[in-house]
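First up is the structure itself, then whatever we jot down about it.
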Amino acid sequence: MAEAYDFRNVEPKWRERWELDATYRARSDGRPKSYVLEMLPYPSGDLHVGHAKNYSFGDAIARMMRMSGFDVLHPMGFDAFGLPAENAAISRGVDPASWTAENIANMQRQIRLMGTGYDWSREFATCFPDYYRWNQWLFLRLYERGLAYKREAPVNWCPHDKTVLANEQVVDGRCWRCEHLVERRNLSQWFLKITDYADRLLSNLDRLDGWPERTKTMQRNWIGRSEGVRFEFAVDGLDETIAVFTTRVDTAFGVTFLAIAPEHPVVARLKTIVPAARGDAVAAFAERISAKTELERTSLMHKEGVFTGAYAINPLSGARVPIYVTNYVVADYGTGAVMGVPAHDQRDSEFAKTYDLPVVTVVAPLDDASAPAGEAFTDDGRLFDSGKYDGMTSVRARAAMAADLEQRGTGHVTVTTRIRDWLVSRQRYWGTPIPIVYCDACGEVPVPDDALPVLLPPGAPLDGEGAPLSRMESFVNTTCPRCGGPARRETDTMDTFFESSWYYLRYLSPHDTVAPWERTDADTWMNVDQYIGGAEHTVLHLLYARFFYMFFHDCGWVTGSDEPFERLFHQGMVLSNGEKMSKSRGNVVGVDETASTYGVDAMRLFLLYVTPPEDTAEWTDEGISGRVRFLNRVWRACEPLFGRPHAGNGDLPAMSSDEDRALVRAVHIAAKSAVDETSSRRFHYNTTIAKLDELVNALTAAVRDRLDSPATAYAVHALPILLAPFAPHIAEELWERTGHGTSVHLERFLQPDDRALAVARIELVIQVNGKVRARISVAPDVTAEDALALAMEQQAVRSQLENGTLRKQIFVPGKLLNLVVG
RNA sequence: GGGGGAGUGGCGAAACGGCAGACGCAGCCGCCUCAAAAGCGGCCGAGGCAACUCAUGUGGGUUCGAGUCCCACCUUCCCUACCA
């Protein structure tokens with residue numbers, strides 16, 4: 001009775017060996033490099049098979065690259081600052097540092113359990129001072145260049161997490177993490193000037209050929225660049241102007257009101273020139289709207305407003321129009337004021353209808369097109385009732401009006417972006433302290449480089465009340481680095497997206513104590529050749545990281561491209577019972593349980609096999625059972641040849657039968673699939689594993705029927721190499737059992753050989769008018785003439801030809817012959 | 001409202017514009033077994049006795065030939081949104 005494949009002993013054995021031998025360490029040995037990176041994980045709880053899919057996939061790519069002759073950098077670390085640790089501290093009184101350390105230890109164990117080939121010598125966690133001191137160092141460099149600044153601004157405040165949030169972190173008006181409704185508050189906060197890079201963040205996208213189109217589109221939409229004209233309305237009876245931004249200056253003669261945001265600074269000034277009662281009504285309205293949450297303000301809101309009592313003068317038409325404070329104009333986009341054109345803007349139209357404001361049409365459709373009844377005509381057209389611009393098309397009028405405004409000094413062509421500066425302050429404990437000191441004499445003073453890191457002090461009061469660091473006198477009180485006098489430390493910490501915006505560089509010089517990374521190391525390893533991570537990071541992390549890298553590039557700290565990620569791949573998630581896995585649903589399939597029940601290789605194979613990597617997969621126990629069967633078949637097929645001398649130099653074996661040729665061909669078909677899927681960056685290893693299924697099916701028959709054939713031995717010796725990227729443990733065991741003393745993972749992958757892939761006879765498809773009527777067996781290089789002659793011998797073809805005469809023939813060599821009959 | 005995907009057997013899925021459904025799961029039949037499991041072998045879109053016909057969400061189009069390309073629509077998923 002054959003010995004069954006004993007994954008329970010084989011798998012741990014090899015994991016220990018790889019660790020001992022540092023099998024997966026990057027060598028820097030002069031071979032071409034490949035940097036394969038999976039997004040830095042947060043160390044939370046236990047890994048489930050969704051995580052496992054991500055690691056199996058990234059690992060397969062790294063292994064394929066390594067076996068293709070590349071010096072592969074495949075590192076792993078931990079994004080270890082953040083709220084879960086702090087919340088655990090608040091609710092259970094545990095220390096965030098030890099809570100995080102325990103989670104990291106468990107996660108390391110599970111990632112190793114999966115047999116992943118990481119270079120652990122480069123590992124770090126972002127919560128350790130030797131990492132976050134470089135956060136502070138980078139913050140100071142941004143500060144020096146005016147890219148980090150503090151200002152008072154209306155910000156997103158999460159009442160549950162008790163901290164501010166960046167715009168990107170507000171999802172549907174709710175906190176991206178805890179999903180509580182976000183409020184607006186005016187607070188003084190640290191920002192990073194990502195808007196300075198908006199144009200480049202946008203235009204570089206065109207060069208990112210290795211990025212998914214949808215990801216680039218989403219970033220474009222987020223940056224939200226729009227070109228238009230900014231010009232000023234004078235307030236009647238006040239030495240004040242209100243600037244508006246519009247992409248449709250051609251509709252300016254249709255302006256019948258001015259709409260401004262409740263937070264617009266001019267609101268207070270207007271109060272001085274209108275009756276007190278009106279001013280109070282405006283103030284009350286503004287206060288009511290401002291207090292609403294982001295969600296209440298933006299979703300399905302009815303357009304409301306109140307007349308301020310003041311009027312503004314349209315600089316183009318000279319018209320005097322009423323100024324309204326409205327809820328549909330947002331303060332922090334454009335100028336916070338909008339010219340109201342009910343005839344040609346749908347929102348203005350709705351507002352005008354509610355408040356009975358006049359509708360003045362000034363653009364006529366160019367053709368028969370017109371807006372549906374009751375809706376504004378928002379397309380370009382031809383102008384009328386627009387003074388000297390009458391008769392111009394919208395396009396010409398925009399240029400002419402912009403030029404006139406510019407000449408008069410009341411307006412200019414400009415670009416507005418939707419993206420805001422990145423708010424990086426957090427009123428929380430478990431993060432990088434912002435290295436700034438406030439001195440009564442010197443003001444805002446940066447902490448000098450040689451005083452870094454500003455250590456996160458242990459023992460902060462973690463009870464959910466207020467910013468923890470601000471309540472630690474021992475932390476707050478310090479001396480001014482400039483004058484030596486008493487000073488107070490900044491008590492905000494950094495958004496954790498700060499550290500994940502540059503971590504891929506730290507892997508290159510992980511133990512460096514004089515710089516976050518060495519430029520020579522960056523020259524060696526950057527860019528990241530293949531970046532792998534979830535699509536949920538499309539806007540947040542991937543935009544911030546690109547911004548940082550452009551900054552580093554401008555500083556000369558990295559050379560070459562100013563984009564860090566050459567190619568990007570979003571892997572799909574794993575569902576269980578049709579739903580996303582979560583503890584509350586009780587449908588989590590854990591890595592530990594799965595590994596001990598089925599084995600790691602079976603789990604990895606299933607996750608790569610069940611769907612293409614970018615698709616959402618559904619976990620099934622039946623599915624993984626199929627992969628367990630596959631591995632047992634592999635083992636049984638190879639076992640009879642254990643101990644026999646291996647095939648040697650890799651030449652093709654002697655093949656004395658069609659079965660032998662088919663078997664060797666199956667080996668090379670599988671090899672070709674793996675190589676093609678990797679080099680094309682399609683990574684559909686599900687099809688490669690299907691080819692391995694076919695190979696093992698053929699091999700099972702060969703071992704039964706032709707055990708002594710050289711082709712059978714050849715296939716058995718090729719199989720571990722083909723399996724290595726996908727099922728690393730069994731591959732290594734088979735490699736050893738078939739007489740090798742080295743690691744299969746450092747071998748060269750099998751190169752597909754055209755001689756092995758060639759076939760003696762092919763089936764040529766014979767079509768009549770595009771429908772298959774016969775299949776004939778011919779030599780692969782059969783000529784059109786010979787094929788036609790053979791086709792004519794087919795009864796099914798001849799009977800079709802009786803219906804008419806042969807008008808044309810399409811011959812695709814090696815594939816088909818299509819006879820067009822009419 | 002704007003943007004981007006996706007619709008193929010009972011299920012997951014394959015398919016450089018060229019044999020639709022590879023491979024796997026489930027199911028059915030056989031061999032093996034006292035029996036079961038495992039394993040091995042076979043069948044497995046629909047209709048028809050058959051030659052054949054019909055089948056990749058729906059309807060058009062391009063082509064010798066369309067799951068694949070183009071247009072419109074339906075369904076569905078994701079992202080985004082008073083952005084002026």
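The sequence lines fix the lettering, A, B, ..., with proteins before strands; numbering per chain opens at 1. Remember, it's a predicted structure, so these values are computed and weren't measured experimentally.
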Are A:Trp422 and A:Phe497 close enough that their ring centers fall under 6.0 Å?
no
Please report the distance, rounded to the nearest Å, between CG in A:Asp615 and P in B:rG7.
9 Å
Pick base, sugar-phosphate or nothing for A:Asn818, based on heavy-atom distances below 4.0 Å to the nucleic acid.
base
Just compare B:rC23, B:rG41, B:rG39 and give me whichever is closest to any side-chain atom of A:Asp693.
B:rC23
Rounding to an integer number of Å, can you tell me how far A:Tyr598 OH sits from B:rC25 P?
13 Å
Give one of base, sugar-phosphate or nothing for A:Arg627, where a contact means two heavy atoms less than 4.0 Å apart.
sugar-phosphate
Can you check whether A:Arg633 has a side-chain N or O nearer than 4.0 Å to OP1 or OP2 of B:rC23?
no
For the side chain of A:Lys303, starting at C-beta, report the closest nucleotide among B:rC40, B:rC82, B:rC19.
B:rC82
Validation row: A:Phe257, A:Asp348 side chains within 4.5 angstrom (heavy atoms)
yes
Over all strands shown, is A:Arg225 touching base, sugar-phosphate only, or nothing at heavy-atom distances under 4.0 angstrom?
nothing
By the 4.0 Å heavy-atom rule, please label A:Asn686 as base, sugar-phosphate, or nothing.
sugar-phosphate
Within this structure, what is the CG-to-P distance between A:Asn697 and B:rC25, rounded to whole angstrom?
10 Å
A:Phe57 vs A:Phe683 aromatic rings, parallel, tilted or perpendicular, using cut-offs 30° and 60°?
perpendicular
Counting any heavy atom closer than 4.0 Å, what does A:Val812 reach on the DNA or RNA strands: base, sugar-phosphate only, or nothing?
base
Kindly say if A:Arg230 contacts the phosphate of B:rA84, meaning a side-chain N or O under 4.0 Å from OP1 or OP2.
no
Which dot-bracket notation, 5' to 3', represents the base pairing of RNA chain B when pairs are defined as Watson-Crick or G-U with both distances under 3.5 Å, crossing pairs as [ ], and inter-strand pairs as |?
(((((((..(((.....[....))).(((((.......))))).(((....)))..(((((..]....))))))))))))....
Over 60° means perpendicular and under 30° means parallel, so classify the ring planes of A:Tyr324 and A:Phe351, tilted if in between.
perpendicular
B:rG41, OP1 or OP2 - any side-chain N/O from A:Arg704 closer than 4.0 Å?
yes
Starting from C1' on B:rA38, measure out to OH on A:Tyr5 and report it in whole angstrom.
18 Å
Under 4.0 Å from OP1 or OP2 of B:rA15: is there any side-chain N or O of A:Thr687 that close?
no
Residues A:Ser56 and A:Tyr685: side-chain donor-acceptor under 3.5 angstrom
no
Touch class at under 4.0 angstrom, heavy-atom based, for A:Gly626 against every strand present:
sugar-phosphate
Is NZ or CZ of A:Arg627 both nearer than 6.0 Å to the six-membered ring centre of A:Phe630 and within 45° of the ring axis?
yes
Give one of base, sugar-phosphate or nothing for A:Thr416, where a contact means two heavy atoms less than 4.0 Å apart.
nothing
Please give, in whole Å, the distance from B:rC11 P to A:Phe606 CZ?
16 Å
Students often get this wrong, so: under 4.0 angstrom with heavy atoms, is A:Glu213 touching a base, only sugar-phosphate, or nothing?
nothing
Students often get this wrong, so: under 4.0 angstrom with heavy atoms, is A:Arg220 touching a base, only sugar-phosphate, or nothing?
nothing
State whether A:Arg629 places a side-chain N or O below 4.0 Å from either non-bridging phosphate oxygen (OP1 or OP2) of B:rA26.
yes
A:Ile810 CD1 to B:rG17 P, in whole Å, measures 18 Å
Take A:Asp693 and A:Arg629, measure what salt bridge (Lys or Arg N to Asp or Glu O under 4.0 Å) needs, and give me the verdict at the end.
CA-CA 11 Å; A:Asp693 276 349; A:Arg629 274 197 285 276; over 6 Å; no
Looking for any heavy atom pair under 4.0 Å, which part of the strands does A:Lys815 touch: base, sugar-phosphate only, or nothing?
base
Please classify the nucleic acid contact of A:Asn632 as base, sugar-phosphate, or nothing, using heavy-atom distances under 4.0 Å.
nothing
Is it the case that A:Asn314 and A:Ser317 place a side-chain donor and acceptor less than 3.5 Å from each other?
yes
Hey, is the side chain of A:Arg418 poking within less than 4.0 Å of OP1 or OP2 on B:rU80, counting only N and O atoms?
no
How would you label the contact of A:Tyr609 with the nucleic acid (heavy atoms, under 4.0 Å): base, sugar-phosphate, or nothing?
base
Ignoring hydrogens and angles, are the base of B:rG24 and the side chain of A:Glu622 linked by a donor-acceptor pair under 3.5 Å?
no
Assigned chi class of B:rG9 under the 90° convention is syn
